[in-house]
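Residue numbering restarts at 1 for every chain, and letters A, B, ... go by the order of the sequence lines.
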Number of protein chains: 2
Amino acid sequence: MASAESGPAWGPVARNSTHELVIEAIEDQIMAGTLTVGDPLPPERDLAARLQVSRAGVREAIRVLESHGVLRSSVGSGRGAGTFIASMPSAALTRLLRLHVELANFQVDEVVEARILLERSSAALAAQRASAEAVEAMRVPLTLMDTESLDRETFNDADTDFHVAIAQAGGNRLFSNLTEAIRASLRSRHLEAFRKVTDWEALASVLRTEHHGIHEAIREGRADLAADLVEAHIRGAASALPDLTEH
Amino acid sequence: MASAESGPAWGPVARNSTHELVIEAIEDQIMAGTLTVGDPLPPERDLAARLQVSRAGVREAIRVLESHGVLRSSVGSGRGAGTFIASMPSAALTRLLRLHVELANFQVDEVVEARILLERSSAALAAQRASAEAVEAMRVPLTLMDTESLDRETFNDADTDFHVAIAQAGGNRLFSNLTEAIRASLRSRHLEAFRKVTDWEALASVLRTEHHGIHEAIREGRADLAADLVEAHIRGAASALPDLTEH
DNA sequence: TTCTCTTAGTGGTCAGACCACTAAGAGATC
DNA sequence: GATCTCTTAGTGGTCTGACCACTAAGAGAA
């Protein structure tokens, strides 16, 4: 970033390919505020003509931005047809994390530590400012998990829903989106680890109790307690599932 | 996620387009461990033929994964030519954050809060386990910022380098990549806010002092102090730059 | 007024061509 | 035999033009 050298200072000349130029053109409009959420892009053919590139180049750019949750395309004609500025960061974050966890770029431990940071804060925030509806929303997955002899996959997904509900109650959308992405990116590992547990009912019982404790702390507005309980819960689960780091 | 309804249970049938099928095919290989970092993909034409799709569809998929930092393509022939599995999450994270901050999907405050969480932990980790070289690496941007009458852009970039160096010293790659992405995604806002500051030298002086304090705490292994100093530093800077949330 | 059907416009997909670049290998030269 | 030069094959990069599938608007009939 910072260059302290003296001399010619040959700045890197952005050697961009066609589709990157198109991406830049679209990003520039977004950065300038000319395009905001919901606005339509010109039809692919028009955009290609205006930018003097082929339609294929435009499509590659659209695909990239689409995968980042920034664009949304629909076929057809009239009202809802065409490509629009969207904002769905969650799926993009999930794919990014999942792939890079798999490529061992991020260790599972590292991701779990990030999860603890985020969910501690979210729990504390939720305790401070969660609305009654938000607290009620947490109760749905909570009671689902109380179901007798629930299969492990459904339990895991309800578990995820509970933690995501807390993050959403906290109000910080970056926190909640990251929380969701982390859970989703570790889902297959979680399921596998759950499957390998011998005394499942014992583990489920512990998790249930801890969940109710967290919920109660949030309901009563005890921020520090909620944060500590969440951390203990995550660390406990991680150590009860040693297979988490394998695959 | 969790569905408690009974009845037909119409599972969502992944209605995928061609390029998504190709993405899945590649992702599956990665998830299965058949493809790991450094491995080559078949040539685009071969892959298209094997998957029974057009080359355009394959290219769109490659472009998406490339933008996620998972693939890397080079033209030519022989050794280094072709498309390879890579792992460069940083640029992808940055683009993702930058765009979604711009689209007001994430508020600047929310991002700053995330930054505080991450950098608190990184500073504490760095204080506990940073190597001598890592501590030395922080010193480079630190001394650069001590330069008299440094222009604000260079100062900002050195500032970024310093904080990223701390995050890297902490050892958690998810933390450091997120830290880098957050700084990069807010860069233009930072520069604009810096430009609007009237008494620049006064602000720079405060930042310099705080940076040295943080560096010293890390060097001396005082984890809690380092974390607190970092948080105070970020909050102080944010309140000294009220224009940060505008654009 | 209501319904039905055509039609234009959109993204989705494909086939085929050519270009730019790179490294390996054939060949010439010393 | 060693070295250099040039051809060549294989790769991604780009473009063109075509056709398909789908949708809503609009023309036309009832």
Side-chain angles (χ1 to χ4, degrees), chain A residues 12-26 29 35 37-88 91, chain B residues 12-26 29 35 37-88 91:
Chain A
V13 176
R15 182 63 214 86
N16 284 338
S17 55
T18 304
H19 82 277
E20 283 175 299
L21 293 174
V22 178
I23 290 178
E24 271 180 37
I26 298 175
Q29 300 288 324
L35 285 177
V37 177
D39 290 349
L41 238 58
E44 293 179 357
R45 293 163 175 86
D46 288 14
L47 197 51
R50 291 197 214 179
L51 299 177
Q52 305 263 47
V53 299
S54 73
R55 198 181 153 206
V58 170
R59 284 182 61 76
E60 288 177 11
I62 289 179
R63 252 61 213 265
V64 167
L65 291 176
E66 192 178 52
S67 80
H68 280 64
V70 171
L71 293 180
R72 170 182 58 78
S73 293
S74 330
V75 296
S77 159
R79 201 178 51 81
T83 303
F84 298 85
I85 308 290
S87 83
M88 310 146 57
Chain B
V13 175
R15 181 64 213 85
N16 283 339
S17 56
T18 304
H19 82 277
E20 283 176 298
L21 293 175
V22 178
I23 290 178
E24 271 180 38
I26 298 175
Q29 300 288 323
L35 285 177
V37 178
D39 290 350
L41 238 59
E44 294 179 357
R45 293 162 175 85
D46 288 14
L47 196 52
R50 291 197 215 180
L51 299 177
Q52 304 264 46
V53 299
S54 73
R55 199 180 153 206
V58 169
R59 284 183 59 77
E60 289 176 11
I62 289 179
R63 252 61 213 266
V64 166
L65 291 176
E66 191 178 53
S67 80
H68 280 65
V70 171
L71 293 181
R72 171 182 57 78
S73 293
S74 330
V75 296
S77 158
R79 201 178 51 82
T83 304
F84 298 85
I85 309 289
S87 83
M88 310 147 57

(request) Measure across V37(A) and A86(A) and return the closest heavy-atom pair with its distance rounded to 0.1 Å. (result) CG2-O, 4.3 Å
(request) State which of dG12(D), dG12(C), dT23(D) makes the closest approach to the side chain of P43(B). (result) dG12(D)
(request) With DNA chain D as reference, determine whether S73(B) or G80(A) sits nearer its 5' end, using the nearest nucleotide of each. (result) S73(B)
(message) So, applying side-chain contact (heavy atoms from CB on, under 4.5 Å) with L41(A), which one of L65(A), V58(A), I26(A) is it?
(response) I26(A)
(message) If I take atom CG in residue N16(B) and atom P in nucleotide dG12(C), what distance separates them, rounded to the nearest angstrom?
(response) 13 Å
(message) Using Watson-Crick or G-U wobble geometry with both distances under 3.5 Å, which nucleotide pairs with dG13(D)?
(response) dC18(C)
(message) Looking at every non-hydrogen atom in both residues, tell me the closest pair between A61(A) and I23(A) and how far apart they are.
(response) CB-CG1, 3.6 Å
Which atoms of nucleotides 5-7 of chain C (N or O only) lie under 3.5 Å from a protein N or O atom, and what are those distances?
none

(request) To the nearest Å, give me how far apart CG (D46(A)) and P (dT10(C)) are. (result) 6 Å
(request) Verify the contact: side-chain N or O of S77(B) to OP1 or OP2 of dC21(C), cut-off strictly under 4.0 Å; return yes or no. (result) no
(request) Could you tell me the separation between the CZ atom of R79(A) and the C1' atom of dG9(C), rounded to a whole number of Å? (result) 15 Å
(request) Taking all non-hydrogen atoms of both residues into account, name the closest pair between A81(B) and V75(B) and its distance. (result) CB-O, 3.7 Å
(request) Send over the distance from L41(B) CG to dG12(D) C1', rounded to a whole Å. (result) 12 Å
(message) Given dG11(C), dG12(D), dG9(C), identify the nucleotide with an atom nearest to the side chain of V75(B).
(response) dG12(D)
(request) Inspect the contact between E66(B) and R63(B) and indicate whether a charged nitrogen and a carboxylate oxygen are less than 4.0 angstrom apart. (result) yes
(message) Set out, in order, the CA-CA distance, both residues' side-chain angles and the distance that settles side chain to side chain contact (heavy atoms under 4.5 Å, CB included) for L51(B) and L21(B), then state yes or no.
(response) CA-CA 9 Å; L51(B) 299 177; L21(B) 293 175; over 6 Å; no
(request) Using the side-chain hydrogen bond (donor to acceptor under 3.5 Å, both in side chains) rule, collect all pairs that involve residues 37-48 of chain A, keeping only residues at least two apart or in two chains. (result) T36(A)-D39(A), E44(A)-R55(A), E44(A)-R59(A)
(request) Provide, to the nearest angstrom, the distance between the NE2 atom belonging to H19(A) and the P atom belonging to dC15(D). (result) 12 Å
(message) Is there a side-chain contact between T18(A) and the phosphate of dT14(D), meaning an N or O under 4.0 Å from OP1 or OP2?
(response) yes
(request) With a 3.5 angstrom cut-off on both distances, give the Watson-Crick or G-U wobble partner of dG1(D), or none if there isn't one. (result) dC30(C)
(message) Taking the minimum atom-to-atom distance to the side chain of R45(B), which one of dT11(D), dG12(C), dT14(D) wins?
(response) dT11(D)
(message) If I take atom CD in residue E44(B) and atom C1' in nucleotide dG12(D), what distance separates them, rounded to the nearest angstrom?
(response) 5 Å
(message) Tell me which residues in residues 49-72 of chain A lie within less than 4.0 Å of DNA chain C, going by non-hydrogen atoms.
(response) R55(A), R59(A), R63(A)
(message) If you compare all heavy atoms of G38(A) against all heavy atoms of F84(A), which two are closest, and at what distance to 0.1 Å?
(response) O-CD2, 3.5 Å
(message) Within this structure, what is the CZ-OG distance for the pair R79(B) and S74(B), rounded to the nearest 0.5 Å?
(response) 9.5 Å
